[in-house]
4 protein chains.
Amino acid sequence: MASRKKEKYSQILEAALKVIAENGFHGSQVAKIAKEAGVADGTIYLYFKNKEDILISLFRERLGDLVDMFNSRIEETDSAKTALRKICEIHYNELESNVNLAYVTQIELRQSSLELRQEIGLAVKPYIELIGQVLRKGMDEGDFRSDLDVKLTRHLIFGAMDEVVTSWLISGRKYSLSAQVDKTVEFFLRGLEQG
Amino acid sequence: MASRKKEKYSQILEAALKVIAENGFHGSQVAKIAKEAGVADGTIYLYFKNKEDILISLFRERLGDLVDMFNSRIEETDSAKTALRKICEIHYNELESNVNLAYVTQIELRQSSLELRQEIGLAVKPYIELIGQVLRKGMDEGDFRSDLDVKLTRHLIFGAMDEVVTSWLISGRKYSLSAQVDKTVEFFLRGLEQG
Amino acid sequence: MASRKKEKYSQILEAALKVIAENGFHGSQVAKIAKEAGVADGTIYLYFKNKEDILISLFRERLGDLVDMFNSRIEETDSAKTALRKICEIHYNELESNVNLAYVTQIELRQSSLELRQEIGLAVKPYIELIGQVLRKGMDEGDFRSDLDVKLTRHLIFGAMDEVVTSWLISGRKYSLSAQVDKTVEFFLRGLEQG
Amino acid sequence: MASRKKEKYSQILEAALKVIAENGFHGSQVAKIAKEAGVADGTIYLYFKNKEDILISLFRERLGDLVDMFNSRIEETDSAKTALRKICEIHYNELESNVNLAYVTQIELRQSSLELRQEIGLAVKPYIELIGQVLRKGMDEGDFRSDLDVKLTRHLIFGAMDEVVTSWLISGRKYSLSAQVDKTVEFFLRGLEQG
DNA sequence: TATGAATGAGCGTTCATTCAT
DNA sequence: AATGAATGAACGCTCATTCAT
């Protein structure tokens, strides 16, 4: 019974993801999501407090999965440099192979109420903190410069990758996103300067 | 008479900026903007096609001003490194000294329709291209690595700065944004690596 | 212009009265009232805060008129006994000659939210107080017993008339309401007891 | 088994009374009543046709009990005057000592559909007829005036008491209701007039 | 009998836009 | 050019009732 309940919950989230990706945030009425999920409008409200709660849950669940994936894969890495490469690989690969999710997280979910965006901020935070941990590890192990401002730099790195994904989407995904990993990591590690 | 016309046009844009900054995107009805501008609701539609047109114009005008400022200030610089520093300085300083504009461009205007966001993309493009020009100049002059992917790197740089501004806003502006210029530019130029 | 505004306001109240009388409280959607008034749904909200506000206004305006009528007619009376008879006459006559109003005030408006019923209470209060004043006058002038509890008795009198009107409506108005005035006043004045 | 059935039936009515008294008519969903009664939502519909049927039954049962009480207590009385006093005593005492019932019958149940109110009317009818019987007895025995209109007067009496109870509730029960019996009966018997 | 998850009709309100003045 | 009263489409959410188990 618990699995049936969980099933319908996921079913609705899945439907929401598809509907939002196809119709945009403002074109995604609760009725449309319900229809896509194959349930009645009212059923939505047995599993979610309100429309916003669907979106928050969607973001939280999926981003949670991503962060879990990051954590487990990074444990396997030996150096901070490899870890940073791993992060960028997962970031680009996951969003490239799940375009609906990419579209919804990068484009649609950002045009929501303050409350939702605060929730999204909370969901993104663990990821940004993970980047910070890798930076600190690299500093401790002598791989990274010891004068880095971790709090600033983790945002520089997250923002850089985030923008690359967004511009890839807006461009119409005309090139491979995962093919940008090497050059992105190279930029993070060596910067712009010659030599 | 042309100036009178332009006057009211600017008056409405000014009002829109203030209203959105104070009430958020969803709390900014046309009627509220009209009241703040001191005109009737209908008058808005003599100067703008529709509500979206106000926002697009707002973004375009203000960002256009910024890009003009970038261009003129960068002409004065001698090297690509200095130019990049200048860009970051202006980016952080302008948004720090104009919090309403920062709030509206970073937070509020992003929660709009696809059409508006595409327009915003067009307005941001000249800025991103400017960054690209600086990169190319640095490569030509031997200051920057010759193997840089300009199209990718200009997004990495823009995204990094963009995220820093956003997180500064969300944090409640508890620290100086312009004080982040040095460390940001350092990251762009030298990257993370030791030595 | 003020009269035009007032015109539409009254037009909506008139429509509300008719719609509620014909369809009952629960069958009276805002859209139905708007249609009956010959205006758009949204227009309602230019004149009233919300649906409840229509009902409150309806009650307040009409009952206010009644109380005004009571006051002016009672001034003309010489004794408390005549005044009491006048009150009962107006009460029965007005509601008999305005069945829609009677139906809405006696039956429909009572099935509303606590907030509305409190408002109705406020609107009825001046009327009950008027009855109290007449009682006090009668006591002062020696027409009424000096040991009357005014606060209690005004409710006994109001409740008695109120119930008579309601039962007349529920019975299907099969008899004349105004024909009950004499016997009602007789009961108030002399009570049940034999001589 | 019949008793088990009756048990759950009463259990639901009891729960309905409590829930309506605590949450008001509009705040009393079937689900809430079911929860209070400790049964499933669907179980309600094994004992009652629909929600309205619960309320009708509630009123009918409780008012039936009251009328039974009236009848048995009045048999013990010798004169119509004493009987009338008894009626008023029971009316005020019962509702004062059962505030939930008072609140629900006087305030909440009145804001219901026409159908329900007609049913309530039927339930109240035997009580009003009882008052009529007492009046007739008093006329026969020479205690009451012989020119009374029984059909009218029984409503005057019921309405008077009904309004006193309601205003006592609305006032916040700041005084004793049963302490109003003497003055109420005095008004019924002697009316207002001096001498 | 009893359950409770699922249903889906129903409605008050907002607000961008229009148009008669 | 300017006004602002009027428009009416659009939608999230509730809750009485049903029915498969």
Side-chain angles (χ1 to χ4, degrees), chain A residues 1 4-5 7-9 12 26-35 37-54, chain B residues 1 4-5 7-9 12 26-35 37-55 113, chain C residues 1 4-5 7-9 12 26-35 37-54, chain D residues 1 4-5 8 26-35 37-54 113:
Chain A
M1 221 171 300
R4 286 238 10 195
K5 182 150 191 174
E7 218 173 273
K8 201 154 278 190
Y9 174 85
I12 294 169
H26 287 111
S28 298
Q29 298 81 358
V30 170
K32 211 178 265 177
I33 294 172
K35 198 176 179 186
V39 300
D41 295 15
T43 305
I44 299 272
Y45 294 87
L46 297 176
Y47 295 89
F48 301 93
K49 213 176 65 207
N50 51 32
K51 187 182 181 183
E52 192 150 64
D53 191 30
I54 306 176
Chain B
M1 223 168 298
R4 284 272 315 236
K5 179 154 186 172
E7 213 173 281
K8 202 156 274 188
Y9 173 86
I12 293 170
H26 287 110
S28 299
Q29 296 80 2
V30 170
K32 213 179 261 178
I33 294 171
K35 196 176 178 187
V39 300
D41 295 14
T43 306
I44 299 270
Y45 292 86
L46 299 173
Y47 295 90
F48 299 92
K49 211 178 68 203
N50 51 32
K51 186 182 181 180
E52 194 149 64
D53 192 28
I54 307 175
L55 306 177
S113 73
Chain C
M1 221 170 300
R4 286 236 15 191
K5 183 151 189 175
E7 216 173 274
K8 201 154 276 187
Y9 174 85
I12 293 169
H26 288 109
S28 299
Q29 297 81 359
V30 170
K32 213 179 263 178
I33 294 172
K35 198 176 178 185
V39 299
D41 295 14
T43 305
I44 299 271
Y45 293 87
L46 296 176
Y47 296 89
F48 301 92
K49 214 176 66 207
N50 50 33
K51 187 182 180 181
E52 192 150 64
D53 191 29
I54 306 176
Chain D
M1 225 170 296
R4 285 259 333 219
K5 181 155 187 171
K8 201 157 276 191
H26 287 109
S28 299
Q29 296 80 4
V30 171
K32 214 179 261 176
I33 294 172
K35 197 176 178 186
V39 300
D41 296 12
T43 305
I44 298 270
Y45 292 87
L46 299 174
Y47 294 89
F48 300 91
K49 210 177 70 202
N50 50 33
K51 186 182 180 179
E52 194 149 65
D53 191 28
I54 307 175
S113 72

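In what follows, every heavy atom counts, from backbone to side chain, and hydrogens, waters and symmetry copies are set aside. Within every chain, numbering begins at 1; the chains are lettered A, B, ... in the order of the sequence lines, protein sequences first and strands thereafter. Computed from a predicted structure; not experimentally measured.
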Is it the case that the side chain of D:Lys35 and the backbone of D:Val30 share a donor-acceptor pair, with hydrogens and angles ignored and the cut-off at 3.5 Å? no

Considering only heavy side-chain atoms of C:Ala40, the closest of F:dA1, F:dA5, F:dG8 is F:dG8

With sequence neighbours excluded, what pairs up with B:Tyr45 under the ring pair (Phe, Tyr, Trp, His ring centres under 6.0 Å) test? none

My validator wants the stems of DNA chain F: runs of 3 or more consecutive Watson-Crick or G-U pairs, both distances under 3.5 Å, written as range with range. E:2-21 with F:2-21

Just jot down the side-chain contact (heavy atoms from CB on, under 4.5 Å) partners of B:Lys32, sequence neighbours excluded, or say none. B:Val19, B:Asn23, B:Gln29

Starting at NZ of B:Lys8, measure out to CD1 of B:Ile44 and round the result to the nearest 0.5 Å. 10.5 Å

Once rounded to the nearest 0.5 Å, what's the spacing between atom CZ of D:Phe48 and atom OG1 of D:Thr43? 12.0 Å

Nucleotide of E:dT3, F:dA2, E:dT7 approaching A:Val39 most closely (side-chain heavy atoms): E:dT7

C:Ile44 CD1 to E:dC15 C1', straight-line distance once rounded to whole Å: 16 Å

Measure across A:Ala31 and A:Asp41 and return the closest heavy-atom pair with its distance rounded to 0.1 Å. CB-OD2, 3.7 Å

What string of B, S and - do you get for nucleotides 11-17 of chain F, 5' to 3', when a contact is any protein heavy atom under 4.0 Å? SSBBSSB

N/O donor-acceptor pair under 3.5 Å between A:Lys49 side chain and A:Ile54 backbone: no

Spacing between D:Leu46 atom CG and E:dG4 atom P, to the nearest angstrom: 13 Å

Starting from P on E:dG12, measure out to CZ on C:Phe48 and report it in whole angstrom. 15 Å

Phosphate OP1/OP2 of E:dA2 contacted by D:Lys8 side-chain N/O (<4.0 Å): yes

